[in-house]
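What follows is one structure encoded as structure tokens, with my remarks underneath.
Residue indices begin at 1 and follow the sequence shown.
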Amino acid sequence: MREMRTIALVDHTKKYRPPAGVLEAIAEALTIQVQRDFAPAWGVEGAQFTVGGRGDKIHFFDSAREAEEFGWHVTDDRGLPYAHVFAAASISHGNGWTDGAEAVSVTASHEALEMLADPRAHEFCFDGERRLWAREVCDPVQSRAYKIRTEDKLVPVSDFVLPAYFNAWSAGPYDHLRLLDEPFSIDSGRHAVFQRTSGEHEKFGRGFGVAFDDAMPEWQRALKLRGWGRTYWRLALNP
């Protein structure tokens, strides 16, 4: 029997160290979320999350080159996925490792799910209206979270869209928390990358742009269009 995929959480923080037992609780919550909620919904391989050890990696750092970056994921030159999560982005905005709407655990969940759904961050889906939307499973509902009970605590994790979200003719539901009313839509304060079609959307490059919900703060909009993040690279590599 094939062993279950392992994803290891690796802590490199110095200033914003997680309290004792928190990384273990996040690993347990992500294992539950992926095996119970995400993998069955998306038909992808499940995963066991550990603190340290072998497997794909989610690295935790204090901050990124861009100080307000929350996290991103890519693949290395061997095609193996990995992610970086930055604690300062959450903590400097009044959140904690497992507290607040933008807790570090929510970012870790976001990156973990998108590593599983589209590890190379290069897939797009047709919306039936001459637009291709990036297959980001958390971005459209990024401000929403739900809590998973572990042995020691409640850990918030990210909402995510379902396969029906990327099907213009589907009746839904469109996300795990049943908040979106239609496919290819954006929750309050969120964003999505799709092929440029009109002057109503922010643009980057020749062919693709970003649609932001009106409630998304300006600092987050600017952050998405700077280097290192997943949004930036999707746009830069698909001109």
**Fill in**
Across all chains, not counting sequence neighbours, the side-chain contact (heavy atoms from CB on, under 4.5 Å) partners of Gln35 are Met4, Thr31, Gln48

**Heavy-atom side-chain contact between Val104 and Tyr16 under 4.5 Å** = no

**Fill in**
Residues pairing under salt bridge (charged side-chain N to carboxylate O under 4.0 Å, His left out) where one sits in residues 163-181, two or more places apart or in two chains, turn out to be none

**Request:** Return the set of residues passing side-chain contact (heavy atoms from CB on, under 4.5 Å) with Ala29 (not counting sequence neighbours), or none when no residue passes.
**Result:** Ile148, Thr150, Val155, Val157

**Item:** Tyr82 vs Trp72 side-chain heavy atoms within contact, under 4.5 Å
**Value:** yes

**Message:** I'd like to know if the side chain of Asp118 and the backbone of Glu123 have a donor-acceptor N/O pair within less than 3.5 Å.
**Reply:** yes

**Message:** In this structure, would Met115 and Leu80 fall into the same cluster of hydrophobic residues linked by side-chain contacts under 4.5 Å?
**Reply:** no

**Complete:** Contacts of Asp77 meeting salt bridge (Lys or Arg N to Asp or Glu O under 4.0 Å) (sequence neighbours excluded), chain-then-number -> none

**Message:** Restricting to non-hydrogen atoms, name the atom on Gly128 and the atom on Trp169 that form the minimum distance, rounded to 0.1 Å.
**Reply:** CA-CH2, 4.0 Å

**Message:** I want to check something: taking the side chain as every heavy atom from C-beta on, are Trp42 and Pro163 in contact at a cut-off of under 4.5 Å?
**Reply:** yes

**Prompt:** If you measure from SG on Cys125 to CD on Glu136, what distance do you get to the nearest 0.5 Å?
**Reply:** 10.5 Å

**Asked** Who are the salt bridge (Lys or Arg N to Asp or Glu O under 4.0 Å) partners of Asp11, not counting sequence neighbours?
**Response** Arg17

**Prompt:** Which heavy-atom pair separates Lys14 from Asp62 by the least distance, and what is that distance?
**Reply:** N-OD2, 2.9 Å

**Item:** Listed partners of His59 passing side-chain hydrogen bond (donor to acceptor under 3.5 Å, both in side chains), at least two apart
**Value:** His12

**Asked** Does the Lys153 side chain pair with the main chain of Glu151, one donor and one acceptor, at a distance under 3.5 Å?
**Response** no

**Item:** Qualifying residue, where the test is side chain to side chain contact (heavy atoms under 4.5 Å, CB included) with Pro140 and the options are Tyr165, Phe160, Phe184
**Value:** Tyr165

**Prompt:** Could you give the distance from CD1 (Ile58) to CD (Glu111), rounded to the nearest 0.5 Å?
**Reply:** 7.5 Å

**Fill in**
Smallest heavy-atom separation, Ala47 atom then Val34 atom, equals N-CG1, 3.7 Å

**Asked** Is there a side-chain contact between Val141 and Leu177 (heavy atoms, below 4.5 Å)?
**Response** no

**By side-chain contact (heavy atoms from CB on, under 4.5 Å) - contacts of Thr6 (at least two apart)** = Thr50

**Prompt:** Do the non-hydrogen side-chain atoms of Ile7 and Leu116 ever get within less than 4.5 Å of each other?
**Reply:** yes

**Request:** Indicate the atoms forming the closest heavy-atom contact of Glu102 with Asn95, along with that distance.
**Result:** N-OD1, 3.1 Å

**Polar side-chain atom of Ser170 near backbone of Gly172 as donor-acceptor pair, under 3.5 Å** = yes

**Item:** side-chain hydrogen bond (donor to acceptor under 3.5 Å, both in side chains) involving Asp127 - partner list, sequence neighbours excluded
**Value:** Arg131, Trp133

**Prompt:** Phe60: what forms a ring-ring contact (aromatic ring centres under 6.0 Å, His included) with it, not counting sequence neighbours?
**Reply:** Trp97

**Message:** To the nearest 0.5 Å, what is the distance between NE2 on His93 and CD1 on Ile91?
**Reply:** 12.0 Å

**Asked** Excluding sequence neighbours, so at least two apart, what forms side-chain contact (heavy atoms from CB on, under 4.5 Å) with Val51?
**Response** Leu23, Glu24, Ala27

**Item:** Any side-chain heavy-atom pair of Tyr174 and Leu162 under 4.5 Å
**Value:** no

**Message:** If hydrophobic clusters are built from ILVMFWY residues whose side chains come within less than 4.5 Å, do Tyr146 and Leu179 share one?
**Reply:** yes

**same_hphob_cluster(Val74, Phe86) at 4.5 Å side-chain heavy-atom cutoff** = yes

**Request:** State, yes or no, whether a side-chain contact exists between Val106 and Ser158 at a heavy-atom distance under 4.5 Å.
**Result:** yes

**Message:** Which residues pass the side-chain hydrogen bond (donor to acceptor under 3.5 Å, both in side chains) test with Ser109, not counting sequence neighbours?
**Reply:** Gln33

**Message:** How long is the straight-line distance from CG of Leu30 back to CG of Leu113, given to the nearest 0.5 Å?
**Reply:** 7.5 Å

**Fill in**
Tightest non-hydrogen contact, residues Pro156 and Ser105, listed as O-OG, 2.7 Å

**Prompt:** Do Phe70 and His110 have their ring centres less than 6.0 Å from each other?
**Reply:** no

**Asked** With sequence neighbours excluded, what pairs up with Arg5 under the side-chain hydrogen bond (donor to acceptor under 3.5 Å, both in side chains) test?
**Response** Asp56

**Message:** If hydrophobic clusters are built by linking Ile, Leu, Val, Met, Phe, Trp and Tyr wherever their side-chain heavy atoms come under 4.5 Å apart, do Ile26 and Leu154 end up in the same one?
**Reply:** no

**Prompt:** Taking all non-hydrogen atoms of both residues, which atom of Ser143 and which atom of Asp187 are closest, and how far apart?
**Reply:** OG-OD2, 3.5 Å

